[in-house]
Amino acid sequence: MRSRRSCRAFDPSKAVSRDDLLKIVEAGRLSPSGCNSQPWKFIVVDSPEAKAKLCDAIVVGNGMTGAPWRDQVSAFIIFVEQEAKVMPSVVAHYKNPQRFAPGDIGMACMNMCHEAYSLGLDTCMIGMNDQSKMEEYFGIPQGHDVRLVLAVGYAAEPDAPVNKVRKPFDEVCSFNKW
């Protein structure tokens with residue numbers, strides 16, 4: 001946990017193997033989800049043509065992007081939210097069958113990040129995207145929101161020190177009351 005990082009400088013000369021990408025997706029596929037709904041579809045993007053489209057689709061508005069380094073990345077995984085099939089009592093209580101889907105997708109993504117790290121790879125979660133371009137470029141049906149994109153590759157500086165800046169423990173944790 002202390003050494004995994006969100007990488008923002010990838011080595012474009014090193015490709016991630018399909019075998020490693022499949023291991024990473026398998027880690028996401030095996031992730032827990034509310035009512036075992038598995039409300040996700042993962043689209044692996046690793047061909048040069050598809051990566052160029054993805055690099056365009058993660059730019060929004062007037063050129064704003066969360067990934068100015070996107071052209072260095074070996075592969076991406078798109079996380080598309082699917083319909084969650086949950087117990088009727090969950091729907092009755094929350095009035096929203098998708099109540100747990102964002103958290104479920106987050107757990108799947110984090111499992112993928114840890115699997116990638118165990119394989120010697122680095123990752124970065126990208127939250128910005130142009131939904132209409134994602135639909136057009138990757139055949140995603142309307143109404144299926146892209147929740148995030150995971151960049152996967154080899155760090156340009158694999159031995160760079162990791163400096164995690166986090167809130168103090170007592171600010172984020174308490175026991176038995178607020």
Side-chain angles (χ1 to χ4, degrees), residues 1 4-8 16 20-47 50-51 53-67 70 73 75-118 121-153 166-167 171-174 176-178:
M1 296 297 131
R4 195 224 143 251
R5 61 182 169 186
S6 293
C7 183
R8 291 177 177 85
V16 176
D20 283 349
L21 289 168
L22 289 172
K23 289 174 185 173
I24 292 165
V25 172
E26 179 69 353
R29 191 182 74 84
L30 294 173
S31 297
S33 62
C35 302
N36 196 29
S37 64
Q38 304 169 58
W40 47 60
K41 168 82 174 183
F42 309 119
I43 302 171
V44 178
V45 177
D46 66 348
S47 77
K51 287 192 316 184
K53 288 179 179 179
L54 185 99
C55 286
D56 179 54
I58 58 177
V59 176
V60 298
N62 295 325
M64 188 170 49
T65 182
R70 63 196 177 279
V73 178
F76 298 91
I77 302 170
I78 302 170
F79 290 67
V80 183
E81 184 175 325
Q82 296 291 87
E83 178 185 352
K85 293 183 173 42
V86 297
M87 296 180 301
S89 60
V90 171
V91 177
H93 180 74
Y94 290 110
K95 312 290 187 251
N96 177 6
Q98 297 303 109
R99 164 78 178 191
F100 304 123
D104 294 345
I105 289 168
M107 286 189 286
C109 186
M110 203 65 242
N111 273 3
M112 287 186 187
C113 289
H114 289 299
E115 179 66 15
Y117 185 73
S118 78
L121 298 162
D122 285 278
T123 56
C124 188
M125 296 174 217
I126 303 166
M128 299 177 78
N129 71 79
D130 182 317
Q131 179 70 31
S132 62
K133 286 183 179 180
M134 289 294 213
E135 291 170 4
E136 176 187 346
Y137 296 161
F138 301 103
I140 298 168
Q142 270 190 322
H144 294 261
D145 291 335
V146 172
R147 291 297 176 201
L148 62 95
V149 174
L150 184 64
V152 182
R166 297 293 185 261
K167 293 178 181 179
E171 188 177 327
V172 300
C173 179
S174 61
N176 304 314
K177 65 177 183 172
W178 182 264

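Throughout, numbering of the chain's residues begins at 1 and tracks the sequence.
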Taking atom CD of E171 as the centre, does the number of heavy atoms from other residues, nucleotides or ligands within less than 6.0 Å exceed 12?
yes
Quick one: which of I43, L21, I126, V44 gives a side chain to side chain contact (heavy atoms under 4.5 Å, CB included) with F76?
I126
Report yes if the side chains of [X] and [Y] come closer than 4.5 Å at any heavy-atom pair, otherwise no.
| X | Y | answer |
| --- | --- | --- |
| I58 | M128 | no |
| I24 | V152 | yes |
| T65 | V60 | no |
| V73 | K51 | no |
| V59 | K133 | no |
| C35 | K85 | no |

Give a yes or no on whether the backbone of [Y] and the side-chain of [X] come within a donor-acceptor separation of less than 3.5 Å.
| X | Y | answer |
| --- | --- | --- |
| K177 | S174 | no |
| Q131 | V146 | yes |
| R8 | S6 | yes |

Test side chain to side chain contact (heavy atoms under 4.5 Å, CB included) on I77 and V45 and set out the steps.
CA-CA 6 Å; I77 302 170; V45 177; over 6 Å; no
Can you measure from [atom1] ([X]) to [atom2] ([Y]) and round to the nearest 0.5 angstrom?
| X | Y | atom1 | atom2 | result |
| --- | --- | --- | --- | --- |
| D46 | L54 | CG | CG | 11.5 Å |
| D56 | R70 | CG | CZ | 8.0 Å |
| D104 | Q38 | CG | CD | 9.5 Å |
| S47 | K53 | OG | NZ | 8.0 Å |
| E115 | D20 | CD | CG | 8.5 Å |
| Q98 | S37 | CD | OG | 7.5 Å |

Residues that [X] engages under ring-ring contact (aromatic ring centres under 6.0 Å, His included), provided they are two or more places apart:
| X | result |
| --- | --- |
| F138 | none |
| F42 | W40, F79 |
| Y117 | none |

Hey, are H144 and Q82 close enough side-chain-wise for a donor-acceptor pair under 3.5 Å?
yes
Scanning both residues in full, the closest heavy-atom pair of I105 with P39 reads CD1-O, 3.7 Å
Indicate the atoms forming the closest heavy-atom contact of N111 with S31, along with that distance.
ND2-OG, 2.8 Å
Determine, step by step, whether V86 and V91 satisfy the side chain to side chain contact (heavy atoms under 4.5 Å, CB included) criterion, reporting the C-alpha distance in whole Å, the side-chain angles of both residues, the deciding distance to 0.1 Å, and the verdict.
CA-CA 7 Å; V86 297; V91 177; 3.6 Å; yes
Sort and list the pairs that fulfil ring-ring contact (aromatic ring centres under 6.0 Å, His included) and have at least one residue in residues 93-114, not counting sequence neighbours.
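Those involving residues 93-114 are Y94-F100.
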Applying salt bridge (Lys or Arg N to Asp or Glu O under 4.0 Å), can you list everything that pairs with R5, at least two apart in sequence or on another chain?
D122
List in chain and number order the residues that pass side chain to side chain contact (heavy atoms under 4.5 Å, CB included) with C113, two or more places apart in sequence or in another chain; answer none if no residue qualifies.
R4, C109, M110, T123, M125, L150
Below 4.0 angstrom, N of the basic side chain to O of the carboxylate: do E26 and R29 qualify?
yes
